[in-house]
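What follows is a single structure, written as structure tokens, with notes after it.
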Amino acid sequence: MANTAAVIGLGTMGSGIAQTAAQAGWDVRLFDPVAGVAQKGLESIRKSLKARQEKGRITESEMVSIMGRFALCETIQDACKGVDLVIEAIVEDLNIKRELFTSLGKNAPENAILATNTSSLCVTAIAASSGRPSHVVGMHFFNPAPVMKLVEVIRGDHTSAEAVQRTIEIARAWDKTPVVAKDTPGFIVNRVARNYYGESLRMLGENIADVETIDQIMSGVGGFKMGPFQLMDLVGIDVNLAVTKSVYHANFEEPRYRPHPIQQKMVDAGLLGKKSGKGFYSYGN
Amino acid sequence: MAIKWGFGKREDKAKTPDEVDGNGAASNQVSATSAAITGRKRVIIHGNGFPAQHWVAKFKSEGMEHTWSAEASPEELASTEFEIIIETEWGDPGDPAAHQSPALAEGGAILVPCYAISPTNMAATLGLMASSTIGYTLFEPKVAETPEAPMIEIARPMQASDEACDKVMEFLNDVGFQAQIVGDAPGLVFARTLAMLINEAASAMTENIASAEDLDTAMKLGVNYPKGLLEWSDQLGAGLIVDILEGLCSHYEEDRYRPCPLLRHMQIAGKKFHEATNA
């Protein structure tokens, strides 16, 4: 009895989420409002599965069967047909998401869970435009979605307990570990992790230690897999700054979430980390 | 081997053990002078503060001679001049009478714990001995799954002499630590960062963001933290975390560092995140 999900928005996260669902045996309907993006997303899923197959993690026939579960859709209505769950990973813009959820509220099956992968916006606010806030949850995945086990399941203020429970079960069916969080800026991870970077930037700015020393100490003393500067370079200094600003402003400029001039300077100078070849560290050609 | 240990990028970094010896393991530097300090049992671990257990464990694992004040007789303490004094308690820096160090041999050095006080402020509590003082923080040395020597953070108070710096570096090499030299603020690098992370986790608990179990799971699985933050707080004790935060708060006089009231309550009531039932 295959379940069906719709994934709206086929960028990196959307593609990863779609792959996750298909790997778990779900049928997945794909839709992106921008022409050609869903196709590209599907292609990136194929590449990712191929890489797994080459590493011997899945067989050729498993790969074929997973790829067979996707359906490219031309419209939202088409994408929503017969689904148990819709999950969106479109642009992080509250108004655009609200418009989408109004549409989902009209087009998705009555009992479908409507999930948002938002990392920085208010789930309750998104839910309010859907016409059925009891069915709206946050389902926040981590990059790369097929690999990272955690899903933050976010209870909007009007989300029903049943919807939360169903979402937990879906996450588990997709081989993820769900945690349940209240609808607040940053949920759990993006809020609590802020000062791993924030304090490190302050220490750097005040010459308490340099980049390498701080990273070495976090690993060598603390046992962290990656130091804060290595992590910022990996994720993108711009991405980290954006999340920091989001949590900071959403909390009405709560001082302890304050971004640091060093990161702003680096972003302004195009030093974004690994993806730009240079960040706190330099990356080879 | 005079080491400047100033602020900013340090040219002396090349002299920390892991770079002198190219393969990064300070414990490979078994030197002839190893017996010079530790062999004569003129190292004392003084007091019963948080890091005492970690120092004792390290000395025992290396089979090195040492005195621990908790196990020594008053006669021995009174009659010995120690070459290296490792203080483990920090008490109230405002109370000059609070500190009673054992006797320091000429040319000796004192390591003082800087979890909650800056090295310069901590050194000042040693009065005339301030110039022999070097700040440190030590946590449980990582389980030796890797061949690298465990890491310790050290920092130079403004008052410290070059000789004290050299002495401490030599001592740490002998004991088998990788020393990371950092700057003059409470909590050095790791203690400060961890305290702020735990503070935020406690603040999230205050707001009922998630259950303690889910919060810890989220940090381990979402950003690969080696332990849950609440679990970590339970292991170290809320009191240590509050101390570090209070130290940062008064050092910087910034709200940013104020301890979450929940942590204070847990310290006072002797509660843990993973035992306590939610209110």
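Numbers restart at 1 for each chain; the letters A, B, ... are given by sequence-line order, proteins then strands. Note that this is a predicted model, so its numbers are computed, not measured.
- Using a 4.5 Å cut-off between non-hydrogen atoms, the part of residues 230-244 of chain B that approaches chain A consists of B:Trp232.
- The choice from A:Val151, A:Val180, A:Asn143, A:Thr184 that makes the most heavy-atom pairs within less than 4.5 Å of chain B is A:Val180.
- With hydrogens and angles ignored, the 3.5 Å screen pairs no side-chain donor or acceptor of B:Ser118 with any backbone N or O of B:Pro186.
- With respect to chain B, the highest number of heavy-atom pairs below 4.5 Å among A:Val189, A:Ile188, A:Ile217 belongs to A:Ile217.
- Screening B:Phe177, B:Trp90, B:Trp55 for a ring-ring contact (aromatic ring centres under 6.0 Å, His included) with B:Tyr136, the sole residue that qualifies is B:Trp55.
- Interface remark: A:Phe142 contributes side-chain atoms only to the contact with chain B (heavy atom separation under 4.5 Å).
- Most heavy-atom pairs under 4.5 Å with chain A, from the set B:Ala191, B:Ala185, B:Ala201, B:Gly222: that is B:Gly222.
- Proximity to chain A (any heavy atom under 4.5 Å) is restricted, for B:Leu188, to the backbone atoms N, CA, C and O.
- Put simply, the side chain of B:Leu263 reaches to within 4.5 Å of the side chain of B:Phe273, judged on heavy atoms.
- For B:Leu194, no part lies under 4.5 angstrom from a heavy atom of chain A.
- The number of heavy atoms from other shown groups lying within 6.0 Å of NE2 (A:His158) does not exceed 12.
- Using a 30° and 60° split on the angle between ring planes, B:Phe50 and B:Tyr115 fall in the perpendicular class, above 60°.
- For the set B:Leu221, B:Ile152, B:Val189, the entry with the most heavy-atom pairs within less than 4.5 Å of chain A is B:Val189.
- A salt bridge links A:Arg191 with B:Glu200: the closest approach of a Lys/Arg side-chain nitrogen to an acidic carboxylate oxygen falls below 4.0 angstrom.
- Other residues, nucleotides and ligands contribute at most 12 non-hydrogen atoms within 6.0 Å of the NZ atom of A:Lys274.
- Between the side chain of A:Glu92 and the backbone N or O of A:Ser120 there is at least one donor-acceptor pair closer than 3.5 Å.
- Contact count against chain B (heavy-atom pairs under 4.5 Å) is highest for A:Met203 among A:Met218, A:Met148, A:His140, A:Met203.
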Check step by step if side chain to side chain donor-acceptor pair (under 3.5 Å) holds for A:Glu212 and A:Gln216. CA-CA 6 Å; A:Glu212 294 86 352; A:Gln216 282 167 20; over 6 Å; no

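- Of the possible donor and acceptor atoms, one in the side chain of B:Lys58 sits under 3.5 Å from a partner among the backbone N and O of B:Gly176.
- Here the side chain of A:Asp183 pairs a donor or acceptor atom with the backbone of A:Thr124 at under 3.5 angstrom.
- Salt bridge status for B:Arg192 with A:Glu199: present, with a side-chain N to carboxylate O gap under 4.0 Å.
- Distance alone, capped at 3.5 Å, places no donor-acceptor pair between the A:Arg52 side chain and the A:Ser48 backbone.
- Residue pairs meeting the salt bridge (Lys or Arg N to Asp or Glu O under 4.0 Å) criterion with at least one partner in residues 134-163 of chain A, sequence neighbours excluded, are A:Lys149-A:Asp175.
- Looking at B:Thr137, there are no atoms closer than 4.5 Å to chain A (heavy atoms on both sides), in backbone or side chain.
- At a heavy-atom separation below 4.5 angstrom, chain B is approached by A:Phe224, A:Lys225 within residues 224-242 of chain A.
- Ranked by heavy-atom pairs under 4.5 Å with chain A, the first of B:Asp255, B:Asn199, B:Leu197, B:Val223 is B:Leu197.
- In this structure, B:Thr133 and B:Ala164 approach most closely via the heavy-atom pair N-CB, 4.5 Å.
- Residue contact with chain B, scored on non-hydrogen atoms closer than 4.5 Å, involves the backbone of A:Phe187 exclusively.
- With hydrogens and angles disregarded, no donor-acceptor distance shorter than 3.5 Å links the side chain of A:Asn195 to the backbone of B:Met196.
- By a heavy-atom distance cut of under 4.5 Å, A:Pro255, A:Arg256, A:Tyr257 are the residues of residues 244-259 of chain A near chain B, going up by number.
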How far apart are the C-alpha atoms of B:Asp216 and B:His274, what are their side-chain angles, what is the distance that settles it, and do they pass the side chain to side chain donor-acceptor pair (under 3.5 Å) test? CA-CA 10 Å; B:Asp216 278 359; B:His274 287 288; 2.6 Å; yes

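- Across all non-hydrogen atoms, the minimal contact from A:Ser276 to A:Leu272 is OG-N, 2.9 Å.
- Proximity to chain A (any heavy atom under 4.5 Å) is restricted, for B:Glu254, to the side chain, taken from C-beta onward.
- At least one donor-acceptor pair under 3.5 Å links the side chain of A:Glu88 to the backbone N or O of A:Ile90.
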